[in-house]
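The structure under discussion appears below in the form of structure tokens.
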2 protein chains.
Amino acid sequence: MTDQKIAPTRRPLTLRDVSEASGVSEMTVSRVLRNRGDVSEATREKVLEAAKRLGYVPNKIAGALASQRVNLVAVIIPSLSNMVFPEVMTGISEVLDETPLQPVVGVTNYKPEREEKVLYEMLSWRPSGVIIAGLEHSDASKAMLKAAGIPVVEIMDTDGQAIDAAVGISHRRAGRMMAQAILKAGHRRIGFLGTKMPLDHRARKRFEGFTEALAKEGVEIADQEFYEGGSALAKGREMTEAMLTRTPDIDFLYYSNDMIGAGGLLYCLDQGIDVPGQVGLAGFNGVELLDGLPRKLATMDACRSEVGRAAAKIIAERTESGEGGGERIELSPKIEIGDTLKRR
Amino acid sequence: MTDQKIAPTRRPLTLRDVSEASGVSEMTVSRVLRNRGDVSEATREKVLEAAKRLGYVPNKIAGALASQRVNLVAVIIPSLSNMVFPEVMTGISEVLDETPLQPVVGVTNYKPEREEKVLYEMLSWRPSGVIIAGLEHSDASKAMLKAAGIPVVEIMDTDGQAIDAAVGISHRRAGRMMAQAILKAGHRRIGFLGTKMPLDHRARKRFEGFTEALAKEGVEIADQEFYEGGSALAKGREMTEAMLTRTPDIDFLYYSNDMIGAGGLLYCLDQGIDVPGQVGLAGFNGVELLDGLPRKLATMDACRSEVGRAAAKIIAERTESGEGGGERIELSPKIEIGDTLKRR
DNA sequence: GTGTCGTATGTTATCGCTAACATGTTTTTG
DNA sequence: CAAAAACATGTTAGCGATAACATACGACAC
């Protein structure tokens, strides 16, 4: 009975509550809370005190509607679980933390129809920009992105036509580079191991670049193996075993990602196979994990955090200045020889 | 000149545009787009056609403000990069996909002040519920959560006082269980290896439970080692080497997570150490990665995707019915003996 | 002392949508 | 065939904030 004024209704607080509690207009409260315009030090303190005491949290929904500004950046990626996108996210956050913008993540699981749905949901919140993985999207998705009238950055891939801006590496080129390095090291009987996902366009492009560069030297893939689901490390072991059994004269294994490559490496070491003397190995991505392996797997860095940073920077600058468009940044994947690819 | 009607201004579309294009009121368009109330089949089609043709995407900001409903669930987690939270996320998505609710992720990097900021940001969008990792929060964060008047589920930990609902395991108990299993296997010279993060309360509680259960049998930690930053796998190797050099009579290594445990395991195998004969090993988490290791590391499953599912279910049910509160679900971590802990 | 300026505050009109109610139109029913 | 019920649509009034434009007030110049 004594504290009936302290915890009245469970109605959410509004600017009006703070304004009444501090004896100024709603507008002045709004100004204080946003650090905008001229407010005297005295009222500023009065208002902040009241807001804190009441535990007021502004309603961004109303704010966004009134100001026609939403400080969110939609980030649409296929997966969180493969180590690559978390790192991109880190790069994005790093840059956006310096701005009023905030990333909001949507995950598509490599499914175009999910991408479409996630995109629709996110655009319906009218974000300030979109960062989306890949260049392949459904027509509907592309139409939405074009119609949104906000900066769009497609990341991780530059082999194709971008809607607006693009930041990434050429996976075809990455595949070619790796093929050249492998050929140069003297290998000719080369096997490929990858995922079964036909919708992972970047893996596909790497494979295409790879086979193309081999073909140029008259070499063909000696064997190939694909997996889906399960622990990538374990799958790498299994596939490697299967391939080495089926095609014993193989002298190089190219994996479409580092995780299965690591599994393959562990298998070979277990079996006492001389790496890279008898069989050479290479993966793709440059994940941190590889540092702890008994032998360092050859790989190629996809510049993930750099991609994230560059994409975020484009959105941030464009949001601030309103100028720009169509930026295109192609980063160079760096090959890391490691211990599983012969030098020269 | 000919297509001036097709691409007029770059002004974002509103309900009014669709309403004019289809010759009905805005309200009717709204009803069609939300599948609400009675609309004749004829007008429904007319409206959908117009909306599609124009490429209209509803403005959820306005919708949310008007309806006082926001179908977002704030998910606040410390990190994306350690394999554990992506799996929780998967569980959450699985359940929310069946509902109109949508998860929105915020990352705190284990920093209370960041948690506070992220929470404030998210609450300012007035979500339907909050799923937040851990039971330890700043006073301000707790106050915000209480004042929000929405379902709050604290996940991953049940050792402490929850604000509202809680789903997780007892890390103290997990630590105790592992200690008991290790003692039972006959080990007495036990080393602990973990992260330096004082703010990872769950790791801390596991350690406390662990030492407590050892103490009960008169055993003390023989040596300990902590790391921060870098590749967990590599750090696991380094720390293991350091500890085995410094305290050669150690016969068991307990790692605070599977990744450093895996590093330790690889190191021991490299060195030709008999595992678990000479030295036993155990980690924590039950990450998928372990399946591919040469020997399966003993670990304890934290029921991550189950936690995500249960938490999401609580939010979903409470949002729908408006009833409930204070749910508490303590899951039982299961010990996985693997190949690095002697049986019996 | 009056006019002008600058600072601090208040007022009014949206923002794009939806709840709630009002209105028209058709169908049903006794 | 009138009245009630069922359906289909429209109208009005906010939701909680902010932009843009007042207005009040003291300081200062001349």
Side-chain angles (χ1 to χ4, degrees), chain A residues 9 11-48 50-51 54-72 100 121 123-128 148-149, chain B residues 9 11-48 50-51 54-71 100 120-121 123-128 148-149:
Chain A
T9 77
R11 172 182 55 81
L13 296 165
T14 72
L15 264 193
R16 153 152 265 113
D17 296 298
V18 182
S19 111
E20 282 168 3
S22 53
V24 298
S25 73
E26 298 174 41
M27 196 59 228
T28 302
V29 176
S30 171
R31 281 195 267 252
V32 170
L33 265 29
R34 288 178 300 146
N35 293 309
R36 265 234 173 30
D38 303 306
V39 184
S40 72
E41 195 49 42
T43 46
R44 154 167 272 109
E45 272 167 31
K46 211 165 47 179
V47 168
L48 285 177
L54 296 175
Y56 171 72
V57 176
N59 185 330
K60 286 223 177 172
I61 298 176
L65 184 60
S67 66
Q68 303 284 301
R69 248 179 284 113
V70 180
N71 289 326
L72 299 176
E121 282 300 311
L123 287 180
S124 73
W125 288 99
R126 301 286 188 269
S128 293
Chain B
T9 78
R11 172 181 55 80
L13 296 165
T14 73
L15 265 192
R16 154 151 264 113
D17 296 299
V18 182
S19 113
E20 282 169 2
S22 54
V24 298
S25 73
E26 297 175 41
M27 195 61 227
T28 302
V29 176
S30 170
R31 280 196 267 253
V32 170
L33 265 27
R34 286 178 302 147
N35 292 309
R36 264 232 177 20
D38 303 307
V39 184
S40 72
E41 196 48 43
T43 46
R44 154 167 274 108
E45 272 167 31
K46 211 165 47 178
V47 168
L48 285 177
L54 296 175
Y56 173 72
V57 177
N59 185 331
K60 285 221 176 175
I61 298 177
L65 184 60
S67 66
Q68 302 285 307
R69 249 179 284 113
V70 179
N71 289 326
Y120 185 82
E121 281 301 309
L123 288 180
S124 73
W125 288 99
R126 300 288 188 270
S128 293

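All figures in this text were calculated on a predicted structure; none of them were measured in a lab. These values consider heavy atoms only, across backbone and side chains, with no hydrogens, waters or symmetry-generated copies. Here is how names work: the chains are called A, B, and so on, in the same order as the sequence lines, proteins then strands, and each is numbered from 1.
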Value in whole Å for how far the P atom of dT9(C) lies from CZ of R44(A): 10 Å

Distance below 4.0 Å between Q68(A) side-chain N/O and dT14(C) OP1 or OP2: no

Minimum-distance pair of heavy atoms, taken over all atoms of L13(B) and R126(A): O-NH2, 3.8 Å

Integer-rounded Å distance: dG10(C) C1' and L15(A) CG: 14 Å

Length of the line joining E41(A):CD and dT9(C):C1', which is rounded to integer Å: 16 Å

Euclidean distance, atom CG of residue L54(B) to atom P of dG16(C) [Å, nearest integer]: 16 Å

Sugar-phosphate only, base, or nothing, as touched by N59(B) at under 4.0 Å among non-hydrogen atoms: sugar-phosphate

Any S25(A) side-chain nitrogen or oxygen under 4.0 Å from OP1 or OP2 of dT11(C): no

4.5 Å side-chain heavy-atom contact, W125(B) and V57(A): no

Under-4.0 Å side-chain N/O to phosphate OP1/OP2 contact, Y56(A) with dG16(D): no

Letter per nucleotide, 5' to 3', of nucleotides 19-27 of chain D [B base touched, S only sugar-phosphate touched, - untouched; heavy atoms, 4.0 Å]: BB-------

Nearest atoms (heavy-atom pairs only) where S19(B) meets V29(B): CA-CG2, 3.7 Å

Option among K46(A), E45(A), E41(A) that satisfies the side-chain contact (heavy atoms from CB on, under 4.5 Å) test with T43(A): K46(A)

Any side-chain donor near an acceptor of the partner, S40(A) and R44(A), under 3.5 Å: no

T14(A), nearest nucleotide to its side chain (from dG16(D), dG10(D), dC17(C)): dG16(D)

Atom pair distance, as rounded to whole Å: CG in L13(A) and P in dA17(D): 9 Å

Length of the CD-C1' vector between E26(B) and dT12(D), whole Å: 12 Å

Separation of atom CZ in R16(B) from atom P in dT18(C), rounded to whole Å: 14 Å

Phosphate-side-chain proximity, T43(B) and dT9(D), N/O vs OP1/OP2 below 4.0 Å: yes

Side chains of D17(B) and E26(B) in contact at under 4.5 Å (non-hydrogen atoms): no

V24(B) or G63(A), whichever maps to the more 5' nucleotide of DNA chain D: V24(B)

Y56(B) vs L15(B) side-chain heavy atoms within contact, under 4.5 Å: yes

Closest nucleotide among dG16(C), dG10(C), dT9(D) to the L65(A) side chain: dG16(C)

Interatomic distance, D38(A) CG vs dA8(C) P [rounded to whole Å]: 5 Å

